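Counting begins at 1 with the first residue of the sequence. Please read these numbers as outputs of a predicted model, since none were measured by experiment.
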Amino acid sequence: MDGEEEDEQVIAEEVEAMKSVYENDCTILNSIPPHFHLSLKPRTADVSSHQFVEIVLEVHATPQGLDQHRQKHLLNHIQTKANELSPGLMLVALCEVINQLIVLFMMEV
């Protein structure tokens, strides 16, 4: 198995893990490159009165993706911004932070 085949195998395993963990809350649109919708709700044993928040993510990874350094930087920056904004409104601000960082990452290529 060459490097590309190994990468595809790792990606396929990760996509399968997403589907296994999130089951009906994860819709795989494409395995390679990964493209999926993920619905996240509080895990409150299906008590609908406690599920007043839902986040639906659409993730579409390009073949280039983000290296581990950029992934770590992105996640740290999101967490820092979320901590700054908590407990207030933050979804738009977090999306803007992500967008700005992705633009910066692509300019570095």
Side-chain angles (χ1 to χ4, degrees):
M1 195 181 296
D2 67 10
E4 187 173 325
E5 288 174 341
E6 287 177 21
D7 289 346
E8 287 185 6
Q9 179 64 31
V10 169
I11 291 168
E13 289 171 3
E14 191 165 7
V15 168
E16 186 59 35
M18 288 287 298
K19 189 65 178 166
S20 294
V21 170
Y22 295 105
E23 298 176 338
N24 294 331
D25 294 329
C26 183
T27 303
I28 306 297
L29 302 173
N30 193 37
S31 293
I32 297 177
H35 184 193
F36 56 90
H37 290 171
L38 180 62
S39 173
L40 300 172
K41 297 175 242 177
R43 292 183 175 147
T44 54
D46 295 327
V47 177
S48 61
S49 64
H50 294 164
Q51 293 184 353
F52 50 86
V53 174
E54 177 181 14
I55 296 174
V56 178
L57 301 174
E58 178 176 353
V59 178
H60 187 189
T62 62
Q64 296 85 10
L66 294 175
D67 60 31
Q68 286 186 342
H69 172 74
R70 288 179 178 163
Q71 290 174 26
K72 185 176 180 179
H73 180 74
L74 179 64
L75 292 174
N76 287 338
H77 203 75
I78 293 168
Q79 185 173 21
T80 299
K81 190 66 171 177
N83 289 336
E84 287 173 12
L85 297 171
S86 183
L89 300 174
M90 66 176 74
L91 294 178
V92 171
L94 291 178
C95 290
E96 288 301 307
V97 164
I98 293 167
N99 190 35
Q100 291 169 0
L101 285 172
I102 290 172
V103 169
L104 288 174
F105 291 158
M106 295 306 106
M107 291 174 61
E108 293 174 359
V109 174

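Put simply, NZ on K19 and CG on D25 are 8.5 Å apart, with the number rounded to the nearest 0.5 Å. Annotation: the span from Q100 atom CD to H77 atom NE2 amounts to 7.5 Å, rounded to 0.5 Å. Remark: H35 NE2 to T27 OG1 distance equals 10.5 Å, nearest 0.5 Å.
Aromatic ring orientation, H69 versus H73: parallel (interplanar angle below 30°, classes split at 30° and 60°).
Grouping the Ile, Leu, Val, Met, Phe, Trp and Tyr side chains by contacts below 4.5 angstrom, directly or via other members, places I28 with V21. L29 and L38 are assigned to two separate hydrophobic clusters, defined by single-linkage of ILVMFWY side chains at heavy-atom distances under 4.5 Å.
Annotation for N83: atom CG counts as buried by contact number, over 12 foreign heavy atoms lying within 6.0 Å.
Of all the heavy atoms in S31 and I11, the pair that sits closest is O-CG2, 3.6 Å. In terms of heavy-atom proximity, I78 sits nearest to L94 at O-CD2, 3.7 Å.
Side-chain atoms of E13 and Q9 form a donor-acceptor pair, as typed in the model, at a separation below 3.5 Å.
The backbone N or O of E16 sits less than 3.5 Å from a side-chain atom of S20, completing a donor-acceptor pair.
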